[in-house]
Asks: 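Okay, handing you the structure first.
This one's a predicted model, so the numbers in the text were calculated from it and none came from an experiment. Residue numbers start from 1 in every chain, and the chains themselves are labelled A, B, ... in the order their sequence lines are given, proteins ahead of strands.
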There are 2 protein chains.
Amino acid sequence: MTRADDVHRELRAALLSGTFPYGQRLVEEQLAERFNTSRTPVREALRRLEGDGHVVRDRSGGVRPNAPRVTATRELYAVRTVLEDLAVRTADPEKLEPLQEEWLELRSERDESPDFVYADESFHEAIAHASGNSATERYLHDINERIRVIRIHDFTTVDRIVTTIEEHLEILDALRSGKTDAGAALMRVHIERSAEVVERRVGELLTRMFEEERP
Amino acid sequence: MTRADDVHRELRAALLSGTFPYGQRLVEEQLAERFNTSRTPVREALRRLEGDGHVVRDRSGGVRPNAPRVTATRELYAVRTVLEDLAVRTADPEKLEPLQEEWLELRSERDESPDFVYADESFHEAIAHASGNSATERYLHDINERIRVIRIHDFTTVDRIVTTIEEHLEILDALRSGKTDAGAALMRVHIERSAEVVERRVGELLTRMFEEERP
DNA sequence: GAACGCAGCGCTGCATACAGAGTCGGATGC
DNA sequence: GCATCCGACTCTGTATGCAGCGCTGCGTTC
């Protein structure tokens with residue numbers, strides 16, 4: 001674990017939690033001081049975050065947090081839908097047993113943690129993994145990284161969490177009984193529902209964010 | 001355009017053309033000398049290439065070219081199929097007119113350049129662009145980058161080039177007359193054919209590469 | 001003869017110095 | 001009062017030095 005790894009991980013977490021306003025430039029030297037290191041590891045972390053799409057550079061070389069946009073989110077959901085469809089259709093049902101157990105437990109626990117988005121991501125990535133296609137897995141992971149900053153606000157109500165858990169279990173039921181088409185259809189509806197909720201909230205969310213930014 | 005950009009671009013081209021044997025370690029200092037610069041831009045370029053999937057790091061920090069594998073190619077083709085399907089179905093037919101003109105010309109020219117793979121890529125990326133979904137475009141571009149090293153060997157025969165041109169024109173015909181489903185079906189067949197040809201050749205190709213590598 | 005240890009070295013990770021591009025604000029001219 | 005120019009400052013891009021890790025190969029020991 002190098003310092004560049006640390007900075008990358010911590011800075012990403014900070015970006016996702018909204019620590020840095022979208023307009024504000026991320027200055028290498030300031031970040032170096034903040035993370036008690038030199039500019040070199042910070043530079044490296046920033047380049048990686050740029051590749052991850054979490055920051056963008058302006059033409060003068062400055063780096064800023066990448067503000068999520070409604071259009072981009074919609075586009076990512078369109079891609080996600082077809083990739084999840086592919087994953088579901090090629091997933092090996094036998095590999096889904098531990099996942100089912102895990103989510104049955106989650107249902108009984110009625111976990112309301114604000115980190116639910118991570119649990120949700122791991123559900124979808126587990127299905128991609130069960131498909132045995134590492135490319136699908138990688139691209140879905142990338143999409144998750146990009147929409148996480150929005151999706152965090154998808155699970156702020158208990159209602160959404162409960163619905164999500166039920167839908168996950170329905171999908172697993174279908175897949176484990178070999179009803180692939182049914183599972184794929186359920187998955188499609190599941191993702192469309194999430195897209196709707198997210199889209200409804202992202203507008204006001206961004207408005208609020210940009211208002212906070214201007215003192 | 002910084003030196004890191006230059007090194008990134010040139011090194012990527014060198015990797016795709018097979019300049020560096022797959023087993024051989026890419027040493028920062030040697031690359032710096034080769035590109036007439038210092039280690040810093042080389043480091044940055046290597047980090048980006050790592051993110052692009054063109055190089056991999058071993059646990060001791062060394063960087064090596066990422067060898068294409070049959071499995072990985074097959075997985076990438078599976079993802080490509082569903083993304084091209086999405087692109088075709090959402091492409092704006094009106095935006096395809098210049099593309100059709102371009103490929104009608106290509107047909108009459110019977111271009112047999114070894115760079116045909118780039119023309120082919122630009123066809124598929126143009127359709128993704130016409131879909132107006134930049135995420136689709138980005139992921140398809142990424143896939144093209146990853147399979148190019150293999151696909152270069154897809155177009156070594158005139159036959160494959162002629163077939164490809166005809167199929168491209170059929171797809172455009174269907175899409176421009178509003179027959180979306182037909183276009184999508186044609187595209188699917190088109191890509192499956194390419195996958196078959198590639199898969200048939202990739203085995204022997206890799207064998208040859210690894211033989212050359214051992215003196 | 002095999003296994004272990006140690007020294008040498010090659011390479012990466014990190015820190016820091018320097019140069020040049022970009023930016024902002026103040027002074028100056030109209 | 002407004003536009004413009006100039007200079008100081010800020011920040012990035014690049015070069016380079018240094019420390020430490022890990023590998024290799026040789027010698028030693030059992």
Asks: Using the test side chain to side chain donor-acceptor pair (under 3.5 Å), find all partners of A:R188 that sit at least two apart in sequence or belong to another chain.
Replies: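 So A:R188 forms no side chain to side chain donor-acceptor pair (under 3.5 Å) with any residue.
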Asks: Without decimals, in angstroms, what is the distance between A:F35 CZ and C:dA15 C1'?
Replies: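 That distance rounds to 18 Å.
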Asks: Output the rounded distance in Å from CZ (B:R3) to C1' (C:dA21).
Replies: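 Value for this atom pair: 14 Å.
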Asks: Could you check whether B:L26 gets within reach of a base, just the sugar-phosphate, or nothing at all, counting any heavy atom under 4.0 Å?
Replies: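 Answer is sugar-phosphate: B:L26 comes under 4.0 Å of backbone atoms only.
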Asks: Listed in order of residue number, which residues of residues 55-63 of chain A have a non-hydrogen atom at under 4.0 Å from DNA chain C?
Replies: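 Under 4.0 Å from DNA chain C: A:S60.
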Asks: Starting from C1' on C:dC14, measure out to CG on A:N36 and report it in whole angstrom.
Replies: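 Taking CG of A:N36 and C1' of C:dC14, I get 14 Å after rounding.
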Asks: In plain terms, say whether B:D142 and B:R138 are close enough for a salt bridge, that is, a side-chain N and a carboxylate O under 4.0 Å apart.
Replies: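 Salt bridge between B:D142 and B:R138, a charged N being under 4.0 Å from a carboxylate O: no.
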Asks: For A:S60 and A:D58, does a side-chain donor sit closer than 3.5 Å to a side-chain acceptor?
Replies: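 Side chains of A:S60 and A:D58: pair found under 3.5 Å.
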Asks: In whole Å, what is the span from the CD atom of A:E28 to the C1' atom of C:dA15?
Replies: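 About 14 Å, once rounded to whole Å.
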Asks: Can you find a pair of side-chain heavy atoms, one from B:R160 and one from B:S194, that are under 4.5 Å apart?
Replies: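 Side chain of B:R160 against side chain of B:S194, heavy atoms only: contact under 4.5 Å found.
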Asks: Under 4.0 Å from a heavy atom of chain A: give me the 5'-most and 3'-most nucleotides of DNA chain D that qualify.
Replies: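 Listed 5' to 3', the contact boundaries are D:dC11 to D:dT14.
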Asks: Do B:Y77 and B:I147 pass the side chain to side chain contact (heavy atoms under 4.5 Å, CB included) test, and can you show the C-alpha distance, the side-chain angles, and the key distance before you say yes or no?
Replies: CA-CA 9 Å; B:Y77 262 96; B:I147 59 182; 4.2 Å; yes
Asks: Could you pull out the closest heavy-atom pair between A:I165 and A:L106, with the gap in Å?
Replies: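 Smallest interatomic distance, heavy atoms only, reads CD1-O, 4.1 Å.
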Asks: Identify, between B:R25 and B:T40, the residue whose nearest nucleotide on DNA chain C lies closer to the 5' end.
Replies: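 Result of the comparison: B:R25.
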Asks: Indicate yes or no: does A:R89 engage A:D85 in a salt bridge with an N to O separation below 4.0 Å.
Replies: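 Yes, A:R89 and A:D85 are salt-bridged.
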Asks: Would you mind classifying the nucleic acid contact of B:R47 as base, sugar-phosphate or nothing, using non-hydrogen atoms under 4.0 angstrom?
Replies: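 Sugar-phosphate, no base atom in range.
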Asks: Check the phosphate of C:dA15 against A:R43, side-chain N and O only, distance under 4.0 Å to OP1 or OP2. Yes or no?
Replies: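 It does not, given that no N or O in the side chain of A:R43 lies less than 4.0 Å from OP1 or OP2 of C:dA15.
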Asks: Should the ring pair A:H124 and A:H190 be called parallel, tilted or perpendicular, given that the plane angle runs from 0 to 90° and is split at 30 and 60?
Replies: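 Ring orientation of A:H124 relative to A:H190: parallel.
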Asks: Taking all atoms of both residues into account, what is the closest heavy-atom pair of B:V42 and B:E28, and its distance?
Replies: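 For B:V42 versus B:E28, the nearest heavy atoms are CG1-O, 3.8 Å.
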Asks: For A:R39 and C:dA19, give me the distance from atom CZ to atom P, rounded to whole Å.
Replies: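 Distance, rounded to whole Å: 15 Å.
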